[in-house]
Amino acid sequence: MPETSLPKAYDFTTTEERLYQWWEQAGYFQPTNDPNKPGHDPSIKPFVISIPPPNVTGELHLGHAMFLSMEDLMIRYMRMKGVPTLWVPGSDHAGIATQLQVEKMLAQEGLHRDDLGREEFIRRTWEWKHKYGGIITRQIRRMGSSCDWTRERFTMDEGLSRAVREAFVRLFEKGMVYRGPRMINWSPGLRTAVSDLEVEYSQEPGTLYYFKYLLADGSGEYIPVATTRPETILGDSAVAVHPEDERYQKYVGKMALVPILGRAIPVIADPYVDREFGTGALKITPAHDPNDYQIGQKHGLEFINIFTLDVKINENGGPYQGQDRFECRKRIWADMQVAGLVIKEEPYQLNVPRSQRGGEIVEPMISTQWFVRIKSMADAALEAVRDGRIKIVPERFTKEYYNWLENIQDWCISRQLWWGHRIPVWYCADCGKMTCTRTDPTACAACGSTRIEQDPDVLDTWFSSGLWPFSTLGWPEETPDYRYFYPTTVLETGYDIIFFWVARMIMDGLEFTGKIPFETVYLHGLIRDEHGQKMSKTKGNVIDPLVVMNEMGTDALRFSLLVGSTPGNDTNLSLKKVEANRNFANKIWNAGRFVIGALEQAPAEPQAEPQWTLADSWIWARLQHLVRETDRLFNVYQYGEAGRQIYEFFWGEFADWYLEIAKQQIAEGGDRAYYTAYTLVRTLDTSLRLLHPFTPFITEELWGHLKRAAQAHSERLTPAGGWEEALIIARFPEPKPLEGWEEQKIADFTLVQALVTAIRNVRTEKKLPPAQLIPAVFACGSRLRLVGEQSSVIAHLARLDPSAIRLEEMLTEKPEGSVGLVVAGVEIYLPLADLVDEDAEKARLQKELDEVLGQITRLEGLLSSPFAQKAPAAVVGKERQKLATFKETAERLRQQLDG
RNA sequence: GGGCGGGUAGCUCAGUUGGUUAGAGCACAUCUCUUACACAGAUGUGGUCGCAGGUUCGAGUCCUGUUCCGCCCACCA
C-alpha cells in the first residue's frame, strides 16, 4: 500500500491547540441564528447550557473535567444536529475561597487584611483575579470545550453585579429579605457567618462530662447534668427536665446555681428533654445551641452570649474572660473538680460541626444577619418539578430535591467578608432607617439625612450563582440574548450541589424571571479513584487531568470520563482506563490511515453499478444499527452506553473484521476496489461524526484528512449533504428505518465469523504458524451457496489455501487424517494428517456433541413447555431455529464420530 | 432516626420497555514484528449476576425480605 499523506502517529499536543484555535476563530462556538444579527428566526428553538462557573482562581480538577466533557458532548451533539447552540462560559468570584487565598498570600508578606483596609484589600483581590483568573479558562479550553467565549461572564463583572443588586432590591421591596438576630453558624477563623449547607458534621471521639447543678436553696441537693461542651455552662440560663420525669419533677420551678459563676437560673420542664439520655436533665444555653435557642424562646429565657467574634470568652464568662473556647473547656472543668461539682466523664462519640471551608469547628451563635424568607420561593420551585416543567435526570434525585425544599429554613445570605457583592442597604445615622435602592443613595430615603453608611457585609457567593442562568444572558435587561436563549435547556452538574446551586437557581429563576431557568437537570456522579476511594491530597490518589491530557491526550481523558458511567452514579477513574482509550484513539488514527491509503489506491470511477459484497452490506447494516442505537441512547441521556457501542463497533467490527476483508477486496482492484474504498470512506465518515462529541480533536483532524483525500479522489465520494467545512459543524448521522435486507446480511456474516473463528481456534490449538496456508473441506448442507460465495473471504481470514478448498453439500465419508469440526450446521475438515491425533479428536468431538445434545434437550424442554404457547411468536421462532441448527450440528458431529 | 445508590469474570465497570448460551477494558496463558495500528493481531482461561423467597412460559433485569459497602439529610445534651 502506498504511503499516505497522513503522519504515521497522531500528535495530539500540537493538533489539539491548533484545532481549538481554528474552531474558535472560525466562530463555530457561537450560536447560529444569533438574535443580535439580521435574519434571526425566533421560532427556532435553541439548545443552551450555562456552565457551572468554576472558582475564578481555581485550577482544573477531575470534577471540572467531568462536567466540561459532558456538557461539551451535549453541545457538540446538538450543534451537529443543526440546532443553534449556546454554551455560556464564565467563572465565579467564590467569596470565601478567593478571600482565603488572597489572605494567605498577604500572610506571606506578613500582612493581615486589616492592615490594608477594605478598599485596598479588594483592589489586591482584583489584582489577584486578573493574574490567576485566566488559568482556569485556559484549562477549560484545553478540554476542548466549545463554549462561546464572546459571551464569557464573571459573577462580579458589571452586568452580573447589577443583576445581583436588582435581585436583592426586589426581594427587599417585597419584604422577602429581612435582617435580625438569629442563631447562625459562626466560622471563627473566617470571622463570618456561614449557611447551614456550609457546615459538615464529622464523627470524632470526645468526652461526655457529668456534673452537678446545685439547687440555689442551699439544701445541697443537685440535678446531675451531662454536656460535651462544658464551656457553654457559662452561658446557661436554665436546667430543663422532662415534665413527667419523677426523678426531677420536684425541682421544677426552683432555681439552680451555675457552677463557678454562681448565677441563679430556673429549673424548667419541657417535653423536648429525652429522659433516657445522659442524666435525663439538660442544661440550656440559648445563645450557643440551636435546640436550646428554641427552648429559650419558648420559655422566655435569657440569651447569654459568652463568646467574642474570635470565640474567646467575653465579659459574661467572669474569670474565664479572654480564654479560647477549648482552653476554657479544660479550665472550667478543672475548677469544677476542685469545687466538687464533678460526677464523672466518659468517652463519647461527638458529631462535630465543621466549616466546609477550612474545616474549623463552627460555633452556633446569635448574630444579626440578613436572611431570605424562602418558603414561597421553595413552594414554587417544588411545583415546577412536581408538574414536570423541570425534569431531573436521573429521576431519583427529585426525591432528594423535594425533601430538602419541603424542610427548608430561611437562608442566611450575609457574610462578614470583603470579597463579594456588598449588600445594597444603607443605614441612617440620624433616623436609623434602612435605604435599599438600585443605585447608590446619597441620602436617607426616610429623613433625607446624608449621614448614611452602607452595610459592611457582602452576599453569600451562592446568591449570585443562583441568578447565573439569566444574569449571564443580560437580565434584568430584556436583551436579545435573554429573550432568545432563556430559559436555558439543560443544567448539567454534579449531584453534590443540588441544594447549593440547582435548587436555588430554580427558586431564583421562578422568582425573578417568572420562568423556569432550565428544562432538564442532568446530574453526573463524582469521580473517584480506581478503587472507589475519594481522591484527596492526603491519600495521594489524586489524578491531575492536566497531567493526563499531557500524557495521553484530551480525547482519551474525555472518553474515559464519558464512557463506562451512568447518570448520577460515581465513576471510578484509573489511568489504565485512560490508557485503554488512548489506545482507542490510536486505533482510530490508524484505521484512518488505512482508509485514506485504500482510497488513494482505488480507481477514481467505477465501471459498473455497485456490486456489494456480503462484508460491504454487513458493515453498512451494522453501521445503520449503530446510528439508530446512538440516536436512541442520546435521547435518554445514556451517553456512556452510546460511546461504548460506538467503540465496540469501530474496533470490534469495522477495524477487526471489515478492514481485514477490505484488504482482500482492494487487492482485487477495479470496481471491487472502488466500492470497497467507497464503503470504507462512508463508514469512517459516519463513525467520526458519531464519535466527534466524545473525542473532538482526533476526529476533526482525521476527518479533515479524509475529506481532502476523498475530494482529491472523486466527486462521487461526497456524502449526501456535501462535505461540510469542519466536522464540528458537520451533520450528525440521522437514523434510517431498518431495511429488510439488513438482518439477513448480518446473520450471514455472523456465520462467516463463526466459521473463521472456529478454524483459527484449531490452528492455534495445533500450533500452526500463521504463514502456513492449509487446505479445507466444507460440507455445508443448506449453507452451500453462502459458504461458497464467501469461501475466499473465509480463506483470507482463516489463512486457508484458496486453491485447496473443497465445497460439498454433503460428504459421504470423512476425509482421511483430518480434524473435523461443526459450526452452526457446517462441517469443516482440515487435513492436517501428521498433526492429527485420532483419539484426541474423538474425545473433542464427543465433548462438543455432549454440549450440543445438552442444548437440544434444553430447547426441546423449553419448546414443549407453556413457553411455546405464551411467548411471542417471534421469540418462539428464534428458539425453534436454534433447535434446528443444533440438531443439524449434532447430526454432523455424530457422522464425524462414526466416520 | 429518615432517605438514596451499589454488590455482575482476579480488578474496574457496562448491561433502561423481562426474551432464554451474561459483555467490555485491564490482568492472565499461548502464538505472531501478516505491508493501518505491538498504544497491535489471533486464540483461550475466567461469572450458579450478594443471599432467600415471590410474580412470570421466561428474571442480572420486576416485587418482598435480608446482609454487606458507600452516600445524603436530620443533629439527643
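Chain letters run A, B, ... following the sequence lines, proteins first and then strands; every chain starts at 1.
With hydrogens and angles left out, the side chain of N403(A) and the base of rC73(B) share no donor-acceptor pair within 3.5 Å. Side-chain to base pairing of K587(A) with rC37(B): one donor and one acceptor N or O lie within less than 3.5 Å of each other. For a distance-only test at 3.5 Å, the side chain of R582(A) qualifies as a donor-acceptor partner of the base of rC39(B).
We find that CZ of F397(A) is positioned 9 Å from C1' of rC71(B), with the value rounded to whole Å. Atoms CG (D656(A)) and C1' (rU43(B)) sit 13 Å apart, rounded to a whole Å. One interatomic measurement links the two molecules: CZ of F594(A) to P of rU34(B), which rounds to 16 Å at whole-angstrom precision. Counting to the nearest Å, the P atom of rC71(B) and the OH atom of Y201(A) are 18 Å from each other. Separating the CD atom of E400(A) from the C1' atom of rG5(B) is a distance of 10 Å, rounded to the nearest angstrom.
Between rC49(B) and rG18(B), the two C1' atoms lie 15 Å apart (nearest whole Å). The same atom, P, is picked in rA36(B) and in rA42(B); the two are 14 Å apart, to the nearest Å. rU12(B) and rG7(B) have their C1' atoms separated by 14 Å, given to the nearest Å. Nucleotides rC39(B) and rG3(B) place their C1' atoms 45 Å apart, quoted to the nearest Å.
Between F584(A) and F559(A), the ring-plane angle classifies as tilted under the 30° and 60° cut-offs. Ring planes of F397(A) and Y495(A): parallel class, angle under 30° (limits at 30 and 60°). Ring orientation note: the planes of W404(A) and F499(A) are close to parallel, at an angle under 30° on the 30°/60° scale. The aromatic rings of Y658(A) and F654(A) lie parallel to each other, their planes meeting at an angle below 30°, with 60° marking the opposite boundary.
Counting all heavy atoms, side chain and backbone alike, A256(A) lies closest to Y213(A) at CB-CD2, 3.9 Å. Closest of all the heavy-atom pairs between I543(A) and L573(A) is CD1-O, 3.6 Å.
Base-pairing analysis of RNA chain B finds the following stems of at least three consecutive Watson-Crick or G-U pairs, with both pairing distances under 3.5 Å: B:1-7 with B:67-73, B:10-13 with B:23-26, B:28-32 with B:40-44, B:50-54 with B:62-66.
Nearest-nucleotide positions on RNA chain B for L282(A) and Q855(A) put Q855(A) closer to the 5' end.
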